[in-house]
There are 2 protein chains.
Amino acid sequence: MSGAEERRGPGSLAHRVPDLGALELLLAVARTGSLGAAARERGVSQPAASSRIRSMERQLGVALVDRSPRGSRLTDAGALVTDWARRIVEAAEAFDAGAQALRDRRDSRLRVAASMTIAEYLLPGWLLALRAGRPDTAVSLLAGNSTAVAERLLADEADLGFVEGLTVPAGLDSAVIAQDHLIVVTAPGHPWARRRGPLAAAELATTPLILRERGSGTRQVLDAALGGLARPLIELSSTTAVKASAVSGAGPAVLSELAVREELGLRRLVRIPVRDMSLGRDLRAVWRTGHRPTGPARELLSLTRG
Amino acid sequence: MSGAEERRGPGSLAHRVPDLGALELLLAVARTGSLGAAARERGVSQPAASSRIRSMERQLGVALVDRSPRGSRLTDAGALVTDWARRIVEAAEAFDAGAQALRDRRDSRLRVAASMTIAEYLLPGWLLALRAGRPDTAVSLLAGNSTAVAERLLADEADLGFVEGLTVPAGLDSAVIAQDHLIVVTAPGHPWARRRGPLAAAELATTPLILRERGSGTRQVLDAALGGLARPLIELSSTTAVKASAVSGAGPAVLSELAVREELGLRRLVRIPVRDMSLGRDLRAVWRTGHRPTGPARELLSLTRG
DNA sequence: TGAGGGCATAAGCTGGTCTTATGAGTGGAG
DNA sequence: CTCCACTCATAAGACCAGCTTATGCCCTCA
């Protein structure tokens with residue numbers, strides 16, 4: 001673990017970033033153009049909204065809204081802050097959708113079983129979209145590996161499943177909903193990040209890599225593509241640990257592009273193109289043979305395809 | 001027990017999602033494998049951590065950690081929740097990096113001026129990366145349109161600028177750091193989302209679209225590509241408003257792909273391919289002619305290129 | 001069997017956020 | 001010209017969530 005951040009001082013993120021309630025309020029102010037209207041929309045009193053926005057401005061050290069007797073408009077800085085805030089709120093909405101599905105284990109109208117990677121990176125978004133279209137659909141989520149997903153479906157304890165393996169478990173029908181690609185990534189400072197041409201597969205096979213443990217889906221795909229030759233530099237048991245290790249510069253890692261999309265955007269990791277090798281795998285929706293998804297399950301399924 | 005909050009639609013994210021401090025604590029527990037160690041890392045007492053995690057579990061209705069006399073491990077659900085939480089914390093880190101740059105207007109080691117789109121979508125990530133490499137660099141940010149950026153640079157009130165126009169303001173040198181593409185998007189329910197082939201440019205020109213106002217950079221590029229023919233269905237003055245309108249299904253919109261990356265991932269919007277038309281524009285770093293970026297500015301510049 | 005790490009409970013303090021009640025400025029309608 | 005409707009700000013008190021310190025129980029290991 002590369003940690004090594006931990007700046008002491010009067011506090012961390014939570015003290016420098018306004019809490020969710022304040023951010024939501026700010027978005028409401030941006031939308032309505034008035035503190036009072038925003039307060040009404042959020043169900044609090046006008047003085048509460050006024051004071052909350054003011055203390056947020058004090059906390060950030062920046063004026064966010066221009067108050068006038070006929071309304072409030074965002075300042076330039078306020079518009080920027082509002083956009084950044086929206087990012088946080090959206091992440092919180094995805095969290096909420098996921099957490100709610102996790103809580104309602106039983107007696108839901110739609111019971112979903114999904115593999116970890118899909119549950120981590122894709123499902124919250126789908127659940128948000130589903131909630132937008134059908135606000136009253138209670139969804140329950142169970143996360144596990146492919147065999148666990150299959151068991152649930154076959155025992156009729158789940159209506160729809162999502163798996164990412166190379167094969168479809170017996171007794172299930174499936175539809176490919178997307179392709180996932182394993183990609184090679186390094187920290188931006190790594191020599192490979194400055195290469196000109198793409199990496200040859202042979203070179204990848206002879207370089208020690210940060211990898212998931214043997215037996216993991218990711219590792220299986222990689223080993224198959226390389227012919228069982230992958231040389232581990234370190235073996236770690238979670239995607240997150242592999243990412244953290246790669247970000248800290250320990251070496252090149254091989255990960256699902258779903259898992260590193262964020263890090264690539266932030267340039268914490270850099271993608272290294274590879275020639276002569278295809279590291280794709282299908283992401284599939286699955287259901288009991290003969291039990292085509294209907295109702296909410298069908299709805300969710302249709303959301304997962306472009 | 002509060003029951004009235006439950007039925008309000010958009011009402012209460014903040015009550016259903018743990019606050020940032022709790023989420024950070026959860027990440028620390030995941031990292032360290034112990035409540036006490038996590039408490040130490042976050043600078044609070046062990047009972048505080050214990051109670052906070054417990055109340056988070058109560059709030060979410062899910063057990064997150066398995067406590068044992070020799071440490072605490074995440075449950076399966078806890079691992080999932082932790083990953084979703086990490087998304088929120090990362091958004092908060094970007095917010096913090098941006099807000100800090102916004103606050104330190106003067107006397108910073110690195111003064112950046114950037115156009116709105118870049119400041120909104122790209123800069124926070126760059127600032128995070130810069131902070132990772134050079135923790136002590138104080139950065140100040142000023143957001144405005146291309147001419148404002150140019151003014152700041154020419155008045156030596158900024159060290160490095162970022163613009164997205166079609167042309168480079170006089171007196172400035174530039175380097176292209178990325179390409180931005182305008183894309184056509186609709187809500188998933190729109191008829192265009194079910195088209196088979198790509199859209200013809202002519203069809204785009206004759207369909208009323210949700211657009212930014214005339215004079216905006218986005219609109220200029222679109223009008224140029226269509227030959228001034230774009231027909232507005234509505235004209236709105238912010239990217240956010242256009243997005244919201246398109247998401248709600250009002251019609252097709254044309255937006256920077258930077259602006260809708262999130263929405264495409266969540267399937268709130270769908271990209272409609274278009275033939276016979278290129279809607280690209282360069283994103284450029286700019287600086288005063290003859291004043292090549294050095295020091296922190298050079299560092300930041302190098303981060304912006306893959 | 002004692003030491004030490006790990007977690008839980010109890011009691012009291014503090015701070016932030018809410019509420020209601022009120023004041024003060026602006027602009028349009030009668 | 002006055003009244004009213006709307007905006008936001010201020011003040012005083014209630015309340016709750018989180019923190020701390022002090023303590024106890026459980027388990028493992030030497």
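Convention: sequence-line order gives letters A, B, ...; per-chain numbering from 1. Heavy-atom basis, side chains included; hydrogens, waters and symmetry copies ignored.
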Review point. What string of B, S and - do you get for nucleotides 22-30 of chain C 5' to 3' if you count protein non-hydrogen atoms under 4.0 Å?
Key: ----SS---
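In this structure, CD of B/Gln59 is placed 14 Å from C1' of D/dC16, rounded to the nearest angstrom. Here D/dA5 presents its C1' atom at 12 Å from CZ of A/Arg40, a figure rounded to the nearest Å. The nearest whole Å value for the distance from the CZ atom in A/Arg73 to the P atom in D/dC8 is 13 Å. Here the C1' atom of nucleotide C/dT17 and the CZ atom of A/Arg42 are 15 Å apart, to the nearest Å. B/Arg58 has its CZ atom 14 Å from the C1' atom of C/dA8, to the nearest Å. The distance from atom CE of A/Met56 to atom P of C/dT17 is 10 Å, rounded to the nearest whole Å. One interatomic measurement links the two molecules: CG of A/Leu25 to P of C/dT17, which rounds to 11 Å at whole-angstrom precision. At whole-Å resolution of the value, NE2 in A/His15 and C1' in C/dG16 are 11 Å apart.
Each ring pair (Phe, Tyr, Trp, His ring centres under 6.0 Å) pair with one or both residues in residues 51-95 of chain A, not counting sequence neighbours, would appear here, but there are none.
Here the side chains of A/Glu41 and A/Leu25 are not in contact, with every heavy-atom distance at 4.5 Å or above. The shortest side-chain heavy-atom distance between A/Ile118 and A/Glu120 does not fall under the 4.5 Å cut-off. A/Arg87 is listed as a side-chain neighbour of B/Tyr121, based on a closest heavy-atom distance under 4.5 Å. Looking at B/Asp19 and A/Leu20, their side chains never come closer than 4.5 Å, going by heavy atoms from C-beta outward.
For B/Ser68, no side-chain nitrogen or oxygen approaches OP1 or OP2 of D/dC27 to under 4.0 Å. Between A/Arg67 and D/dT7, a side-chain N or O to OP1/OP2 separation shorter than 4.0 Å is absent. Side-chain nitrogen and oxygen atoms of A/Arg52 include at least one within less than 4.0 Å of the OP1 or OP2 phosphate oxygen of C/dC18. Taking side-chain N and O atoms only, A/Ser51 has no distance below 4.0 Å to OP1 or OP2 of C/dT17.
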Review point. Between A/Asp83 and B/Thr240, does a side chain to side chain donor-acceptor pair (under 3.5 Å) hold up when you go through it step by step?
Key: CA-CA 8 Å; A/Asp83 281 308; B/Thr240 305; 3.1 Å; yes
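With sequence neighbours left out, B/Trp126 forms a ring pair (Phe, Tyr, Trp, His ring centres under 6.0 Å) with B/Phe162. In terms of the side chain to side chain contact (heavy atoms under 4.5 Å, CB included) criterion, residue partners of B/Ala113 (sequence neighbours excluded) are, by chain and number, B/Val149, B/Arg152, B/Ala158. For A/Thr218, the side chain to side chain contact (heavy atoms under 4.5 Å, CB included) criterion is met by A/Leu182, A/Arg212, A/Ser216, A/Arg281, not counting sequence neighbours.
The side chain of B/Val44 lies closest to D/dC19, out of D/dC8, D/dG18, D/dC19. Among the nucleotides D/dC8, C/dC7, C/dC18, the one closest to any side-chain atom of A/Ala48 is C/dC18.
Non-hydrogen atoms lying under 4.0 Å from DNA chain D are contributed by B/Asp19, all within residues 17-24 of chain B.
Between A/Arg131 and A/Asp136 there is no salt bridge, since no side-chain nitrogen of the basic residue lies less than 4.0 Å from a carboxylate oxygen of the acidic one.
Counting non-hydrogen atoms under 4.0 angstrom, B/Ser45 reaches a base of the nucleic acid.
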